[in-house]
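Keep in mind that this is a model prediction, so the values were computed, not measured.
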Amino acid sequence: MQTGWSNETLREIFPAIWDGFVVVLQVTLVAGIIAIVLGLLVAIGERNGPVWLRRPLGAVFQFIRNTPLLVQVLIVWTATSLYINPDWSAFAVGSAVLGVHYASYTSESYRAGIDAIPKGQWEAATALNLPTGRVWGAVVLPQMFRRSAAAVGNWVIAMFKEVPTLFIIGVMEMIAEARAFQGQHYTGAVEGYTLAGLLFLAASYPVAVAMRRLENRLASE
């Protein structure tokens with residue numbers, strides 16, 4: 001069994017790790033769309049929905065925020081495999097769970113952006129008798145997106161870092177690929193995990209810096 005670093009092993013493991021990196025990006029894209037869209041719907045529902053909707057919606061997403069992602073992944077994967085459709089892919093289930101989990105956080109960022117809109121603008125829209133759709137489309141949402149863009153971007157970055165959690169149900173991202181290579185060849189742990197870490201860093205750090213600059217820029221305007 002090889003110990004220590006090997007450039008030859010690195011060359012052998014690179015294609016598998018790269019395939020895993022592509023999977024990470026795909027999961028982040030799908031889950032990110034779910035989190036962004038569902039989070040917005042939840043924020044609007046909790047803010048302006050009827051009482052019969054606001055209370056259960058708030059309770060459900062509060063429960064999701066207070067439950068570990070790993071537990072949610074395992075419960076949903078087991079439930080879908082046993083009671084719904086055993087043929088559903090780990091990619092689909094994992095992406096959905098990750099997206100819904102982070103929708104509970106993006107909804108809070110959206111709601112904070114909505115609450116930050118001056119009360120006078122709501123009163124002006126009411127005085128002008130603007131339709132509800134016009135109020136939200138022309139007044140509320142543009143300002144809300146401006147205020148919450150950086151925070152939502154940070155949640156997407158956090159989601160990207162959480163994708164390796166899905167290896168527990170068989171999503172072959174970078175860490176899972178490194179483990180599989182090590183199991184087959186009895187080597188490659190050092191190279192595989194190092195390469196996975198560097199790819200995570202190379203993908204997430206520039207975006208994190210950009211989000212920080214965006215946040216500072218919006219705060220100064």
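Contact of the Tyr110 side chain with the Val42 side chain is not registered, since no non-hydrogen atoms from C-beta on lie closer than 4.5 Å. At a threshold of 4.5 Å between non-hydrogen side-chain atoms, the residues Lys161 and Ser204 count as touching. Between Ile44 and Trp136, the closest side-chain pair of non-hydrogen atoms falls below 4.5 Å. A 4.5 Å side-chain heavy-atom check between Arg179 and Tyr193 finds at least one atom pair inside the cut-off. Counting heavy atoms from C-beta outward, Glu162 and Tyr102 have side chains that approach closer than 4.5 Å. Taking 4.5 Å as the limit, every side-chain heavy atom of Asp19 sits out of range of all side-chain heavy atoms of Met174. When side chains are defined from C-beta on, Phe160 counts as touching Leu25, because their heavy atoms get closer than 4.5 Å. Taking 4.5 Å as the limit, some side-chain heavy atom of Glu108 sits within range of a side-chain heavy atom of Glu46.
For Thr106 (side chain) and Ala35 (main-chain N/O), a donor-acceptor pair under 3.5 Å exists by modelled atom type. Of the possible polar contacts, one joining the Asn154 side chain to the Ala150 backbone as a donor-acceptor pair under 3.5 Å is found. No donor-acceptor distance shorter than 3.5 angstrom exists from the side chain of Glu191 to the backbone of Ile13, with no hydrogens or angles considered. Although no hydrogens or angles enter the test, the distance criterion places no donor-acceptor pair under 3.5 Å between the side chain of Ser148 and the main chain of Ala151. Listed for the Ser107 side chain is a donor-acceptor partner under 3.5 Å among the backbone atoms of Ser104. Panel note: side chain Gln121, backbone Val139; no donor-acceptor pair is recorded below 3.5 Å.
Nearest heavy atom pair, residue Ala203 against residue Val207, reads O-CG2, 3.4 Å. Among all heavy-atom pairs drawn from Leu98 and Val27, the shortest one is CD2-CG1, 3.9 Å. Considering every non-hydrogen atom in both Ala31 and Met159, the closest pair reads CB-SD, 3.4 Å. The shortest non-hydrogen separation linking Gly113 to Arg147 is O-CD, 3.7 Å. For Ile175 against Pro164, the heavy-atom pair with the smallest separation is CG1-CB, 4.0 Å. A pairwise comparison of heavy atoms in Val171 and Ala90 identifies CG2-O, 3.5 Å as the closest pair.
Rounded to the nearest 0.5 angstrom, Ile64 CD1 and Gln72 CD are separated by 6.0 Å. How far CD1 of Ile17 is from CG of Leu198: 11.0 Å, rounded to the nearest 0.5 Å. Residue Leu74 holds its CG atom at 9.5 Å from CG of Leu69, rounded to the nearest 0.5 Å. Note that the OG1 atom of Thr165 and the CD atom of Glu173 stand 8.5 Å from one another [nearest 0.5 Å]. With rounding to the nearest 0.5 angstrom, the CZ atom of Phe14 is 15.0 Å from the OG1 atom of Thr9. Taken to the nearest 0.5 Å, the OG atom of Ser109 stands 11.0 Å off from the CD1 atom of Ile114.
Sorted by first and then second residue, the ring pair (Phe, Tyr, Trp, His ring centres under 6.0 Å) pairs with a member in residues 74-100 form an empty list; sequence neighbours excluded.
The aromatic ring centroids of Tyr205 and Phe200 lie 6.0 Å or more from each other.
A chain of hydrophobic side-chain contacts below 4.5 Å, direct or via other Ile, Leu, Val, Met, Phe, Trp or Tyr residues, connects Val76 to Ile84. Follow the hydrophobic side-chain contacts under 4.5 Å out from Leu199 and you never reach Leu201; the two are in separate clusters. The same ILVMFWY cluster, assembled from side-chain heavy atoms under 4.5 Å apart, contains both Phe145 and Ile117. If you chain together hydrophobic residues whose side chains sit under 4.5 Å apart, Val93 and Ile168 fall into the same group. Residues Val97 and Ile75 do not share a hydrophobic cluster, clusters being chains of Ile/Leu/Val/Met/Phe/Trp/Tyr side chains in contact below 4.5 Å.
Side chains of Arg146 and Gln143: no donor on one and acceptor on the other come within 3.5 Å.
By the 6.0 Å contact criterion, CZ on Arg55 is open, its count of non-hydrogen atoms from other residues, nucleotides or ligands being 12 or less. More than 12 heavy atoms of other residues, nucleotides or ligands sit less than 6.0 Å from atom CZ of Arg47. Counting non-hydrogen atoms of neighbouring residues, nucleotides and ligands closer than 6.0 angstrom, the CZ atom of Arg134 reaches no more than 12 such neighbours.
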Original post:
Which is it for Thr28 and Val156 under the side chain to side chain contact (heavy atoms under 4.5 Å, CB included) test, yes or no, and what are the steps along the way?
Top reply: CA-CA 7 Å; Thr28 303; Val156 174; 4.2 Å; yes
Original post:
Should Phe61 and Asn66 be marked as a side chain to side chain contact (heavy atoms under 4.5 Å, CB included) after you check the CA-CA gap, both sets of side-chain angles, and the distance that decides it?
Top reply: CA-CA 9 Å; Phe61 279 86; Asn66 293 334; over 6 Å; no
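The aromatic rings of Phe21 and Trp18 sit tilted, their planes meeting at an angle between 30° and 60°.
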